[in-house]
Amino acid sequence: MTLRFHDSATAATRDFTPLKEGQVSLYYCGATVQGEPHIGHVRSALAFDQLTRWLQSSGYHVTVVRNVTDIDDKILVKAEENNEPWWALAYRFEQAFEDAYDALGILKPTYEPRATGHIPEMHALIATLIERGHAYPALDDSGDVYFDVRSWQQYGSLTHQNIDDMQAAPDADPRGKRDPRDFALWKGHKDGDPETAKWESPWGAGRPGWHLECSAMVTKYLGTEFDIHGGGLDLRFPHHENEMAQSQAAGHGFANFWMHNGMVTFEGEKMSKSIGNTINPREMLELARPLVVRYYLGQAHYRSVLDYRPGSLTEAAAAVERIETFLDAATPFLAPQESDGRLRDLGALSSRSEIPAKFRAAMDDDLNIPAALAVLHETVRAGNTAVAAGDSKAVAKAVAGVVGMTDALGINPLDPQWQQGTGAEAETAALDVLVRAQLEARARARAEKNWAESDKIRDVLAAAGVVVADTATGATWSLKK
RNA sequence: GGUGGGGUGGCCGAGAGGCGAGGCAACGGACUGCAAAUCCGUGCACACGGGUUCGAAUCCCGUUCCCACCUCCA
C-alpha cells in the first residue's frame, strides 16, 4: 500500500507524494505560551511526532517546523495581572511546554521559530497583501491592518463554509472593518499597551495578528509551498482558514495537505483552559511513567477524540508492561553481543530490527496506529510462545519486530530516553549482585523443598520492589514498574 | 442557523457488505510446591426503527443522542 493521509482541505484520504522527492516539509502549530500546557497540547505534538517518525521510517528526510506564539492579547493580559513583563511570562511557559515535550520523547523540530523574531517577514507579507488588494489599513485611526475577506473568493474553502452562513459573533466589534469577518494582520498600538510590545511598521507602531505569524514563518523556513500543515482540530477555523487565505492571496501555493488531530476530552468534554477541566502533563507523570503516558496519549487514532478517565493510565501501563515483560524474557535467548545479562545494547538490537508488512500497511493508511499496535501485540504473543518453546530463532525474530515497531512509534522500552529514573548502570549492576545472592539462597531452599524459607526471601524482595519470576532456566528478577 | 465528527462487547479502541483487530478487566483451563509471568479457551458487540441484499455493524431512508468548530483555543 502507498502512503496516504487524510487531508482536511479536500476532506479526503489521498496518496501522499512530497513536492521534492525524498523530502517532506511539515509545519504544525505549537503553543501560544500563555499558560501551563495540558495533555491536549501534548497529544497534538505527539500526533505530529508520530507522523514525523513514520515519515522517517519510510525513508524521507523530514524538515519539521513548530512555531511558538510568544506575543498575543492573552499573554499581555496575564502578564499585566501577574505584574511581570510579558516576555518573562512567555519564556516561562515556553519552557514548561518544552519540558513536557521532552519528557514524552517528542523529537525536537528542525526549527522552532518565535513570532517576535519574524516581524520583518510579517511586514513583507502585509505589504504584498495590500498591494494585491486583499488587505487595507483600518478605516478608523486604530492603526490596525485587516485582511479583506470579501476580496478573496475562496475564503471558507478549508472548512467548507460559506461566509454568509456563518453565525456572526454576538459581540462583534466592527471597529474599522469593511466586513465583520475581516481579521487583523497588524494590531495598532494602544494607550496602555506595554511599550515593549510595540514594533514600528509602515502602518504605524503595533504588533502582529495571530494568523499572520504562522504564514510568515512557514514561508521563511519551508518556502511558499510545502507538504503538510498540521495542528489541532480547533485551529481549523478561524486560524488555519485565515492562514490559508492570506498566504494564497499573497500568491503562495501553501500547504499541500492539511492534517488535524482530534481533541482530548475529560469524561466527555473538551479539555480547555476556559472550562478548567485540564490535566497537566506534570500531574499525569505523577500517575504513570513517561513511557506509559506516551503510550496512552498515542494509542488512539490521531483524528479521533481521546477521552481521558481515571484508570486510563493503569490500562496503558498494563499494555506497556506486557511488551517489557516479553523483552525481558527474550533477553537470555539473544546472542551475547546483543545481550549482557540484563543490560541490553540497543544499538546492536536496532541494527536487526524489522518492521512487519502488516504494521507498515496500517501506518501507511493515514497512520492507523490502533491497527499497528494490534500487530505489535500479536508479535509479542508469538514471541512469548517462542520463549516458552525455547525457539531462539523465533524469539530473535519477534524481538527484531518488537524493537522495529516500537522504535517507529517512539515507545521502545529499551530506548535510553525511558531509562531515566530507573537507576544508573553501576547501581543496577550492584543491585544485580545482591539480588542474585538472595535468589541463590532461595534456590537452595527450594531444592530442599523449604517453601517457607523460599517464600520469605521472595516476600522480602517484593517488599523492596523486586519482582521474582521462576522460569525453566532459573529465577529472574526485575524492578516493579 | 451553518460546517464537520461520532454512538462498536464490563471499559478503551480499530474496522467498514460474508470469515468476531488489539489492549485492559473478568471467568475457566494448562504450567508452577504456591505465586508471578506466559499460553489456550470463554463474549450471541456494533444507538433505535424500517429497507436493499443470498448475506449489513458496514449500503439506503427515517428517528434519536453526543461532541467539535463558526470568539481566544492543540
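Quick caveat, the model's predicted, so the values are computed rather than measured. Letters go in sequence order (proteins before strands), and every chain restarts at 1.
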> What nucleic acid atoms does A:His260 come within less than 4.0 Å of, heavy atoms only: base, sugar-phosphate, or nothing?
Replying inline: nothing

> Do you know which two heavy atoms are closest between A:Ala408 and A:Ile355, and how far apart they sit?
Replying inline: CB-CD1, 4.1 Å

> Is A:Lys449 touching bases, backbone alone, or none of the nucleic acid, heavy atoms closer than 4.0 Å?
Replying inline: nothing

>> As a test of reading the structure: which of B:A74, B:U3, B:G13 is closest to the side chain of A:Leu306, going by heavy atoms?
In response: B:G13

> Under 4.0 angstrom, heavy atoms only, what part of the nucleic acid is A:Val42 near: base, sugar-phosphate, or nothing?
Replying inline: nothing

> Nearest-Å distance, NZ (A:Lys456) to C1' (B:G33)?
Replying inline: 19 Å

>> In whole Å, I'd like the distance from the CG atom of A:Asp164 to the C1' atom of B:G2.
In response: 11 Å

>> Tell me if the centroids of the rings in A:His118 and A:Tyr221 come within less than 6.0 Å of each other.
In response: yes

> Does a distance-only test, which skips hydrogens and angles, find a donor-acceptor pair under 3.5 Å between the side chain of A:Lys270 and the base of B:C67?
Replying inline: no

> Which nucleotide, B:C11, B:G22, B:A14, lies nearest any side-chain atom of A:Arg309?
Replying inline: B:C11

>> My validator wants the stems of RNA chain B: runs of 3 or more consecutive Watson-Crick or G-U pairs, both distances under 3.5 Å, written as range with range.
In response: B:1-7 with B:64-70, B:10-12 with B:22-24, B:26-30 with B:38-42, B:47-51 with B:59-63

>> What contact category does A:His377 fall into here, base, sugar-phosphate, or nothing, at under 4.0 angstrom with non-hydrogen atoms?
In response: sugar-phosphate

> With sugar-phosphate meaning primed atoms plus P, OP1 and OP2, does A:Ser304 contact a base, only sugar-phosphate, or nothing at under 4.0 Å between heavy atoms?
Replying inline: sugar-phosphate

> Starting at the 5' end of RNA chain B and moving along, which residue's nearest nucleotide shows up first, A:Ala319 or A:Arg303?
Replying inline: A:Arg303

> Tell me: CG of A:Asp328 to P of B:A36, nearest whole Å?
Replying inline: 18 Å

> Of all the nucleotides listed (B:C72, B:A74, B:G13), which has the minimum atom distance to the side chain of A:Pro370?
Replying inline: B:G13

>> Could you check whether any side-chain heavy atom of A:Pro281 comes within less than 4.5 Å of a side-chain heavy atom of A:Leu104, counting everything from C-beta outward?
In response: no

>> I'd like to know whether the aromatic ring centres of A:His229 and A:Tyr28 sit less than 6.0 Å apart in this structure.
In response: no

> Separation of A:Arg236 atom CZ from B:G2 atom P, in whole Å?
Replying inline: 17 Å

>> Counting the atoms with a prime plus P, OP1 and OP2 as sugar-phosphate, which does A:Gly262 contact under 4.0 Å by heavy atoms, base, sugar-phosphate, or nothing?
In response: base

> Which of the following nucleotides, B:G23, B:G4, B:A74, is nearest to the side chain of A:Met263?
Replying inline: B:A74

>> Within residues 381-393 of chain A, which residues have any heavy atom lying less than 4.0 Å from an atom of RNA chain B?
In response: A:Arg381, A:Asn384, A:Thr385

>> From the set B:U71, B:A74, B:G23, return the single nucleotide nearest to any side-chain atom of A:Glu315.
In response: B:G23

> Taking atom P in both B:G62 and B:A14, what distance in whole Å separates the two?
Replying inline: 28 Å

>> Using only modelled atom types and a 3.5 angstrom limit, is any donor from either the side chain of A:Gln161 or the base of B:G2 paired with an acceptor on the other?
In response: yes

>> Quick check for you: among B:C70, B:G4, B:G13, whose closest atom lies nearest to any side-chain atom of A:Met166?
In response: B:C70

>> Nearest to the side chain of A:Asn368, heavy atoms from C-beta on, is which of B:G15, B:C34, B:U71?
In response: B:G15

>> Nearest heavy atom decides the nucleotide; on that basis, is A:Asp470 or A:Tyr302 closer to the 5' end of RNA chain B?
In response: A:Tyr302

>> Within the supplied structure, the quantity of interest is the number of heavy atoms (other residues, nucleotides, ligands) at a distance under 6.0 Å from A:Lys78 NZ; does it exceed 12?
In response: yes

>> Would you say the ring centers of A:Phe183 and A:Tyr146 fall short of 6.0 Å from each other?
In response: no

> When you compare B:C11 with B:G1, how far apart are their P atoms, in angstrom units rounded to a whole number?
Replying inline: 33 Å

>> How many whole angstroms separate atom CG of A:Leu233 from atom C1' of B:C70?
In response: 13 Å

> Rounded to the nearest Å, what distance is computed from the CD1 atom of residue A:Ile411 to the C1' atom of nucleotide B:G22?
Replying inline: 13 Å

> So, A:His6 versus A:His260, ring centres under 6.0 angstrom or not?
Replying inline: no

>> I'd like to know if A:Asp7 pairs up with A:Arg14 as an ion pair, taking the criterion as any Lys NZ or Arg NE/NH1/NH2 lying under 4.0 Å from an Asp or Glu carboxylate oxygen.
In response: yes

>> Nearest to the A:Asp455 side chain among B:C34, B:A74, B:C24, which nucleotide is it?
In response: B:C34

> Distance-only, no hydrogens or angles: does the A:Arg114 side chain make a donor-acceptor pair with backbone N or O of A:Thr69 under 3.5 Å?
Replying inline: no

> What nucleic acid atoms does A:Val375 come within less than 4.0 Å of, heavy atoms only: base, sugar-phosphate, or nothing?
Replying inline: nothing

> Whole-Å distance between B:C11 P and A:Tyr308 OH?
Replying inline: 18 Å

>> Please classify the nucleic acid contact of A:Gly40 as base, sugar-phosphate, or nothing, using heavy-atom distances under 4.0 Å.
In response: base

> Within 45 degrees of the axis of the six-membered ring of A:Tyr101 and under 6.0 Å from its centre: does A:Arg66 put its NZ or CZ there?
Replying inline: yes

>> Using whole Å, what does the distance between atom P of nucleotide B:C69 and atom CG of A:Leu235 come to?
In response: 11 Å

>> For the residue pair A:Arg43 and A:Tyr308, would you count it as a cation-pi contact if the rule is NZ or CZ under 6.0 angstrom from the ring centre and within 45 degrees of the ring axis?
In response: no

>> Under 4.0 Å, heavy atoms only, any strand: does A:Gln34 hit a base, just the sugar-phosphate, or nothing?
In response: nothing

> Do A:Tyr302 and A:Phe48 have ring centroids that are under 6.0 Å from one another?
Replying inline: no

> Among B:A21, B:C24, B:G33, which nucleotide sits nearest the side chain of A:Arg458?
Replying inline: B:G33

> Looking at B:A25, B:A74, B:A21, which one has an atom nearest to any side-chain atom of A:Ala318?
Replying inline: B:A25

